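In this text, all values refer to a predicted model and were calculated from it rather than measured experimentally.
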Amino acid sequence: MSHLHQEKAPIYEALERFRQMRVVPFDVPGHKRGRGNPELTALLGEQCVSMDVNSMKPLDNLCHPVSVIREAEELAADAFGAAHAFLMVGGTTSAVQSMVLSVVKRGEKIILPRNVHRSVMGALVLCGAVPVYVNPECDHRLGISLGMSVPAVERAIRENPDAKAVLVNNPTYYGICSDLRAIVKLAHSHGMLCLADEAHGTHFYFGEGLPVSAMAAGADMAAVSMHKSGGSLTQSSLLLAGPAVQEGYVRQIINLTQTTSGSYLLLSSLDISRRNLALRGREDFRRVVELAEYARREINDIGGYYAYSRELCNGDSVYDFDVTKLSVNTLDVGLAGIEVYDLLRDEYDIQIEFGDLGNILAYISVGDRPRDIERLVSALSEVRRRFGKKGAKLMVQEYIDPQVAVSPQDAFYAPKESLPLRETAGRVCSEFVMCYPPGIPILAPGERITPQILDYIEYAKRKGCSMTGPENPEIERLNVLTKEA
């Protein structure tokens, strides 16, 4: 598969060598291999805390890697088909933000779909770039945003020839992919870079018959959540870059915000997971696809639920579908997705990934077994029998076209006032409001608040969506720009 030895795991191997040396620690961390915190050692185990070490010569330094971390990054780049790979310990949020901060500065434009993760909007608050939204099409039956259509991206590029980059979700939370190859080609032909948020697409690099990965499609950068479908520890991630991107500059951008004390637990988990994916990812993800397809068939046989798949593909706004995603529409059962999510957890001890107003997502990965799938299917059948409602009037989750009044950065830092929720209609929001997961903003700083958005927020709160973002945690008030601003 590759010219480098993918069976190697240089960070993990260096940690093993270091452990055998029995070095006396007069450095940080202060728990000194767990001795200073016996309760933590009891929780995590001696081997784990003994590997929670500081950067040092034998173990390299994440800010300026020259030995084992450098080698691990080269192996990752090779495995993912990238020119460069950066190991990230601040989650995919830090990878996404470093990617955006690397390509746009204050006042510059970036073309993106509105259903981006909050991390993208956070990056715009930090750097002062201006979003140009390509409104995604909607599937009105499912109430979900689809991908970006190529003609819509072309129109945005034509109207904003000075934009620096186009950002694409590959895939969306629900598993929907845009025509990434065509969008990359469009961006490049107009002198723009193409970035991909691949938080949910790690497996695209190793599976068979799955949608195209960002690097294979020729994208310039991609943020990849190794801890999601890749099997590494939570908060560990990769930032991939193509040949057109300056490695040294991206490293400088990363070092503006990333910790100087990178966790070796996270770094070694990236190293080991990359090795596993390179060596056996193909067969692992073949099994994941089989499990997901089996689950879809069984759930669709229950009645009422709709576990959707490639039949949604339309050649443009749904160019492809990630069949590992078990996305299920619940509206015909008479329950909002968030209600099914809560019932599965409270009544059946099943924790799924998320529920929104019309859908649930059960995340299936290399760690799942057929019996887990069977338990989920029978629980969904029981939920329908015990709690389903006929003809319940449920609000379909519509895509609400944002009205951008000022840039996210200007709005976030502008003079503001706090108003009761219903009194904010017509004003410009200065903070984020989102359901988490999936962490896609309903409102972002700089957007005008409409009665339709307020109805949506109140309905989502009533149905039990976990709403985050605003300063006021109950979301009874919102911060808006003062009238003079």
Side-chain angles (χ1 to χ4, degrees), residues 96-117 119-121 123-125 127-138 145-172 176-199 201 211-223 240-246 249-250 313-320 399-410 440-441 444 446-447:
V96 165
Q97 293 186 339
S98 297
M99 174 169 80
V100 173
L101 296 175
S102 295
V103 301
V104 278
K105 300 190 279 288
R106 182 170 171 81
E108 294 179 340
K109 293 177 186 169
I110 180 168
I111 294 168
L112 58 149
R114 180 57 181 73
N115 58 328
V116 288
H117 188 259
S119 55
V120 177
M121 305 305 296
L124 302 187
V125 167
C127 72
V130 180
V132 172
Y133 292 125
V134 173
N135 296 336
E137 289 178 22
C138 259
S145 297
L146 304 176
M148 292 196 288
S149 81
V150 174
V153 175
E154 193 164 14
R155 193 162 55 249
I157 287 175
R158 220 177 28 250
E159 289 168 4
N160 300 275
D162 53 342
K164 298 293 178 190
V166 180
L167 185 139
V168 188
N169 293 319
N170 193 47
T172 69
I176 286 163
C177 296
S178 304
D179 185 353
L180 189 55
R181 280 197 178 95
I183 293 170
V184 166
K185 214 167 156 185
L186 257 179
H188 287 172
S189 68
H190 289 83
M192 298 176 193
L193 295 175
C194 186
L195 316 179
D197 179 345
E198 285 190 311
V212 70
S213 70
M215 290 297 118
D220 299 289
M221 295 181 89
L240 305 177
V245 173
Q246 257 184 299
Y249 180 64
V250 176
C313 292
N314 60 20
D316 192 18
S317 59
V318 188
Y319 186 75
D320 207 344
Y399 170 74
I400 302 171
D401 198 0
Q403 299 173 29
V404 181
V406 292
S407 81
Q409 186 182 63
D410 288 345
I440 295 160
E447 293 177 1

Item to check | Test log, rule side-chain contact (heavy atoms from CB on, under 4.5 Å), inputs E159 and V132 | outcome: CA-CA 10 Å; E159 289 168 4; V132 172; over 6 Å; no
Checklist entry - Passes side-chain contact (heavy atoms from CB on, under 4.5 Å), I110 versus L124? Steps please. => result CA-CA 9 Å; I110 180 168; L124 302 187; 3.8 Å; yes
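With rounding to the nearest 0.5 Å, the separation of CE in M221 from CE in M99 is 7.0 Å.
A217 approaches V212 most closely through the heavy-atom pair N-CG2, 3.9 Å. Considering every non-hydrogen atom in both Q409 and C127, the closest pair reads NE2-C, 3.7 Å. Minimum interatomic distance between V116 and P113 (heavy atoms only, all atoms of both residues): CG1-O, 3.1 Å. Of all the heavy atoms in S317 and E137, the pair that sits closest is OG-OE1, 3.1 Å.
Under the 4.5 Å side-chain criterion, counting only non-hydrogen atoms from C-beta, S102 is not in contact with V245. Residues V250 and Q246 are not in side-chain contact: their nearest non-hydrogen atoms beyond the backbone lie 4.5 Å or more apart. Counting heavy atoms from C-beta outward, S178 and I183 have side chains that approach closer than 4.5 Å. A heavy-atom distance below 4.5 Å is found between the side chains of C177 and N170.
A405 meets the side chain to side chain contact (heavy atoms under 4.5 Å, CB included) test with V428, R448; sequence neighbours excluded. With sequence neighbours excluded, the residues that form a side chain to side chain contact (heavy atoms under 4.5 Å, CB included) with A214 are L180, A196, E198, Y205, A219, A222. Here R181 pairs with nothing under the salt bridge (charged side-chain N to carboxylate O under 4.0 Å, His left out) rule; sequence neighbours left out. Contacts of K109 classified as salt bridge (charged side-chain N to carboxylate O under 4.0 Å, His left out), with partners at least two apart in sequence or in another chain: D162. Qualifying side chain to side chain donor-acceptor pair (under 3.5 Å) partners for D320, counting only residues two or more places apart in sequence or in other chains: R310.
No donor-acceptor distance shorter than 3.5 angstrom exists from the side chain of H190 to the backbone of M192, with no hydrogens or angles considered. A donor-acceptor pair is defined here as one N or O able to donate and one able to accept, closer than 3.5 Å; no such pair exists between the side chain of N169 and the backbone of D197.
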Give the table of side-chain donor-acceptor pairs shorter than 3.5 Å for residues 147-157, with sequence neighbours excluded, one pair per line with atom names and distance.
residue	atom	partner	partner atom	Å
S149	OG	A152	N	3.2

